[in-house]
Amino acid sequence: MNIIKFLDQFSNIDLKNASASRREMFSQLGSYGKKAAFAAIPFGLGVTKSNAATMAFFGHVGPLNLALTLEYLESDFYNRALLSNVVPSGRPLDVYEQIAKHENAHVALLESVLGSDAVDKPIFDFTLGGAFDPFNATNPQAYAQLLTLAQAFEDTGVRAYKGQAGNLAGTPYLAPALRIHSVEARHAAEVRRLRSAYYNMELNDNGLGWITLNKQLNVRPMVPAAVYAGEELTVQAGVNLTSLGNGYSAESASQSFDEPITGEEAVAIATPFFA
Amino acid sequence: MKKNLENDQKTIQERSKSAVDRRKFLKIGGLAVAGTSLMLYSCESEALTETDLSDSDEMFRKENKGRQVYNLGKGDLGILRYAYVLEQLEAAFYQNVVDGGYWMNSANAEEKLVFEDIYQHEKIHRDWFEKVLMPFENGKSERVLPKLEFDFSSINFNDRDSVMRNSILLEDTGVSAYNGAGPLLMNTDYLLLAGKIVSVEARHASTLRSLYGNTKYFAGDDVVNEQGLDLFSTPQEVLAAASGFIVTKINAQQLPTY
C-alpha cells in the first residue's frame, strides 16, 4: 500500500488515542511498522514519559522519514529531468546535475541512517493529472514546467527541514539535518535565479534567490501558493523588523528570515505528486 | 514563537530547565531503543541562570594587553551573542561594499541589487539580535552594543574579485557557523530562529557563488561533501577563521562544546 493510502487510513484517528495507537504500531513494527511510523507524522509527538521508547523511536524516525520522502520526490524529479533532454545544455544542465547529485546523496544518507525504518520509495507522478508534461521534449512548455517544479520542491524542502529541526533537537540527527537544510537553501536560490534568467527577470524582486513576502514571479505555470504561505512575516520573536534601526521595508524584513512549515503542510504540498 | 525572547529571567530558567530534562530524556530513550552514540552530543551547555549572567558581566570587556575582550559567556545566551558578533561582522563588511568603488562604479545592475539586498538583510539580523539580547543584558548598553572593532584592510573594495571572494567566504562561514551552533542550543525556539536565518545566509552564499564562479559553484564540491552535507564548524573554529577580520578579542571559552 502506498504512503497516501496509509495517511488516509490514519487521518481519522482520535488525537486523544493517538499515543495508544502509536504504542500499538510500535509493538507491531516489522511488516508495516515503518509505514505506520511515517503515517504518524501528522499527529505530533505529544506523548508522555511513560512512552519513553515510543517517543524516542518516533522522535527521529518520523521527521527523517518525512525528509526521506521529500528527498525521494526531489531525486526522482531531477533524475528524470536529466534523462528527458528537456533541460538545455550549459548552465541549466549543469545546475540540474549538481542538484541531482546532492539529492541522490541525501536519499542514500537517510536510507542508511533509517535502515529498516526507512519508508518505501513512493511512485511519483509529475503530470498533476495531465496539466503538466515536464519530461516530454516535444512539449514546448516542458522546461518552464521543470523550472516551476524545481522551485516549488526546493523552497518547500527548505521549509520542511526547518520545521523538523526542533523535533530532532537533542539527537545526533539534528546536525546532518541542518547541513542538508542549508544545501536545499543553496539549491533553492539557484533554481529561483535560473528561472528568473529564463524569463529575463533577474532584476525582479520576486525573482531573486531569497523570498520576498509570499510573492513569486508572475509567470506561468506558477508555484502553488501554499509553498509561500506564511513567508511574509515581518515580526520575529515578538520584534517588528520594520521598525528596527532607521526602519526597514517589509520586503527586506521578510527576505531576511525564512519560515518553517509543519510536517502536515509539507505532506499537503507533496501529495499531488504521489501516484 | 509563542512568546518573544523578552521574557523575564524566571521564564528563561524554566524553559532551559525543561530543555535539560528533555535532552536527558531523549538520551535515555535513544540509547534504549537504538543504542546510538547520543552521548557524543552530551551537553556541556547549561541553563541560563542569574549566576551565569553575573559571571559574564564580571568578565566582560576586560582589558588584555591593550585589547578589549568580549566575553560571550555560556549556554544559549553565549551562542546568541556569538551569532550577534557574526552578524555585526557581516553588516560592517557590506557597509564597506556598498560604500566601495566596485559597487558604486563597476558592479552591473544585478550585482548592485544583490549586494544592496544582502546588506539590508545583514543589518536586519544585526539589529534584531541587538533587540532580542537587550533584556538578557540587564540594560547595560555596553554589553548589548559591544564596540567590536573590525579590520577589512586586506580587502580591496574597489575590486570585484576581492569583494566577491570575501563575500562568499563570509556567507559560507555564516552557514557553517549556524550549522555548527544549532545543535549546541538547548532552547528549540532559538534553534528555529537560527534555522530561519541560516537558510537566508545559504541563499546569499549560493547567489554570490552563482554570480562569481562556474555553473556548479552555487553549491560547489568545495562546500557540499559527497554525502550532500553542507559546511559545519564549531564556534571556536569560526572565530579562529574570522580572527583576521575581528580586532576585538572574543572569549568563547565558556561556550558549549561538542
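Throughout, protein chains are lettered first and strands after them, A, B, ... in sequence-line order, and every chain is numbered starting at 1.
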Quiz item: Stepwise, does the side-chain contact (heavy atoms from CB on, under 4.5 Å) test hold for A:F257 with B:I124?
Solution: CA-CA 10 Å; A:F257 287 76; B:I124 290 171; 4.2 Å; yes
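- For a residue to count as touching a neighbouring chain, one of its non-hydrogen atoms must lie under 4.5 Å from one of that chain's; by this rule B:L191 touches chain A with the side chain only.
- A pairwise comparison of heavy atoms in B:P183 and A:L174 identifies CA-CD2, 3.7 Å as the closest pair.
- In this structure, CZ in B:F232 is found 8.0 Å from CG in A:L178, a value given to the nearest 0.5 Å.
- In this structure, the side chains of B:D172 and A:R186 come closer than 4.5 Å at one or more pairs of heavy atoms.
- For chain B, no part of A:R159 is nearby; none of its heavy atoms comes within less than 4.5 Å.
- Inter-residue side-chain proximity for A:I180 and B:D230 is flagged as unmet; no heavy-atom pair is nearer than 4.5 Å.
- Counted within 6.0 Å of CD on B:E237, heavy atoms from surrounding residues, nucleotides or ligands total more than 12; the atom is thus considered enclosed.
- Annotation: the span from A:D94 atom CG to B:T215 atom OG1 amounts to 3.5 Å, rounded to 0.5 Å.
- Of the inter-residue distances, the one linking B:Y217 atom OH with A:Q98 atom CD reads 12.0 Å to the nearest 0.5 angstrom.
- Contact tally against chain B (heavy-atom pairs below 4.5 Å) for A:R193, A:R179, A:E259, A:E190: the top residue is A:R179.
- Taking A:D258, A:L93, A:L208, A:L244 one by one and counting their heavy-atom pairs under 4.5 Å with chain B, the maximum is reached by A:D258.
- Within the 4.5 Å cutoff, the side chain of A:I99 has heavy atoms near those of the B:F218 side chain.
- Annotation: the span from B:N225 atom CG to A:H102 atom NE2 amounts to 8.5 Å, rounded to 0.5 Å.
- A distance of 11.0 Å separates CG of A:L241 from NZ of B:K131, quoted to the nearest 0.5 Å.
- Taking 4.5 Å as the heavy-atom cut-off, the residues of residues 198-211 of chain B that approach chain A are B:V198, B:S199, B:V200, B:A202, B:R203, B:H204, B:A205, B:S206, B:T207, B:R209, B:S210, B:L211, ordered by number.
- Closest heavy-atom contact between A:G166 and B:T188: O-CG2, 4.0 Å.
- Applying a 4.5 Å heavy-atom cutoff, the residues of residues 110-118 of chain B that approach chain A are B:E110, B:L113, B:V114, B:D117, B:I118.
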Practice problem: Tell me, with the steps shown, if B:K196 and A:L233 meet side-chain contact (heavy atoms from CB on, under 4.5 Å). | Solution: CA-CA 11 Å; B:K196 291 179 177 205; A:L233 278 191; 4.3 Å; yes
Exercise. Determine, step by step, whether A:S256 and B:H125 satisfy the side-chain contact (heavy atoms from CB on, under 4.5 Å) criterion, reporting the C-alpha distance in whole Å, the side-chain angles of both residues, the deciding distance to 0.1 Å, and the verdict.
Key: CA-CA 7 Å; A:S256 303; B:H125 292 163; 3.7 Å; yes
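- The closest donor-acceptor contact from the side chain of A:H106 to the backbone of B:G228 lies under 3.5 Å.
- Atom CD1 of residue B:I197 and atom NZ of residue A:K162 lie 10.0 Å apart, to the nearest 0.5 angstrom.
- The contact between A:V183 and chain B is made by backbone and side chain atoms together, counting heavy-atom distances below 4.5 Å.
- Summarising the geometry of B:Q227 relative to A:L109, their closest heavy-atom pair is NE2-CD1, 3.4 Å, with the distance given to 0.1 Å.
- Among B:R126, B:E226, B:K123, the residue making the largest number of heavy-atom pairs under 4.5 Å with chain A is B:K123.
- Chosen from A:A108, A:S182, A:S252, A:A189, the residue pairing most often with chain B at heavy-atom distances under 4.5 Å is A:S182.
- Looking at B:D221, the atoms closer than 4.5 Å to chain A (heavy atoms on both sides) sit in the backbone and in the side chain alike.
- Shown here for A:A237 and B:L193, the closest heavy-atom pair between the two residues is CB-CD1, 4.0 Å.
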